[in-house]
Amino acid sequence: MVRGRLWRATNPALSPEDEAPLVKALMAARREVGRARKAGDREALAAAGQAVEAAKVALGERGPVWWTDGAPDLNRHMARTTPYADWYAGLDPEEA
């Protein structure tokens, strides 16, 4: 959760061997986003954004859900407006 907004976690079923190169690719893509922004290069920025998206989907942070319990995907929803509202209200403000 970031500033009261729910964010999907990485798929816990990924082995460390599978997750590590995906995280490395995500970090490299994020660096490219920064470089492209600084350079004002729209094409490079679009390509870097697509690389970020691909890595996040592969990690399970976006795209099809990785859980199987039927719970809805509440990624990017405000916690206070979801079924997690009571849990969120009970958090220490330092954690929220």
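Just so it is clear, the values below take in all heavy atoms, side chains as well, and ignore hydrogens, waters and symmetry mates. If you read the sequence from its start, that first residue is 1, and numbering goes on from there.
Between V23 and L59 the shortest side-chain heavy-atom distance falls below 4.5 Å. Side-chain contact between W67 and D73 is present, with at least one heavy-atom pair separated by less than 4.5 Å. Looking at heavy atoms from C-beta onward, T82 lies out of side-chain contact with P72 at the 4.5 angstrom threshold. With a 4.5 Å cut-off on side-chain heavy atoms, M1 and Y88 count as touching.
Shortest non-hydrogen contact noted between A51 and A29 is CB-CB, 3.7 Å. Taking every heavy atom of both residues into account, L6 and W87 meet most closely at CD2-CZ3, 4.3 Å. Closest of all the heavy-atom pairs between R5 and R76 is NH1-O, 2.5 Å.
A salt bridge links R35 and E32; the closest N-O separation between the charged side-chain nitrogens and carboxylate oxygens is under 4.0 Å.
From E61, atom CD reaches atom NZ of K56 across 3.5 Å, with rounding to the nearest 0.5 Å. Here CG of L22 is found 12.0 Å from CD of E17. Values are rounded to the nearest 0.5 Å. Atom NE2 in H77 sits 11.5 Å away from atom CH2 in W7 (nearest 0.5 Å).
Hydrophobic clustering places V52 together with M27 (ILVMFWY residues linked when any side-chain heavy atoms are closer than 4.5 Å, directly or through intermediates).
Between the side chain of W66 and the backbone N or O of A9, at least one donor-acceptor pair lies under 3.5 Å.
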Check the pair V65, R8 against side-chain contact (heavy atoms from CB on, under 4.5 Å), reporting the backbone distance first and the verdict last.
-> CA-CA 9 Å; V65 300; R8 194 191 301 179; 4.0 Å; yes
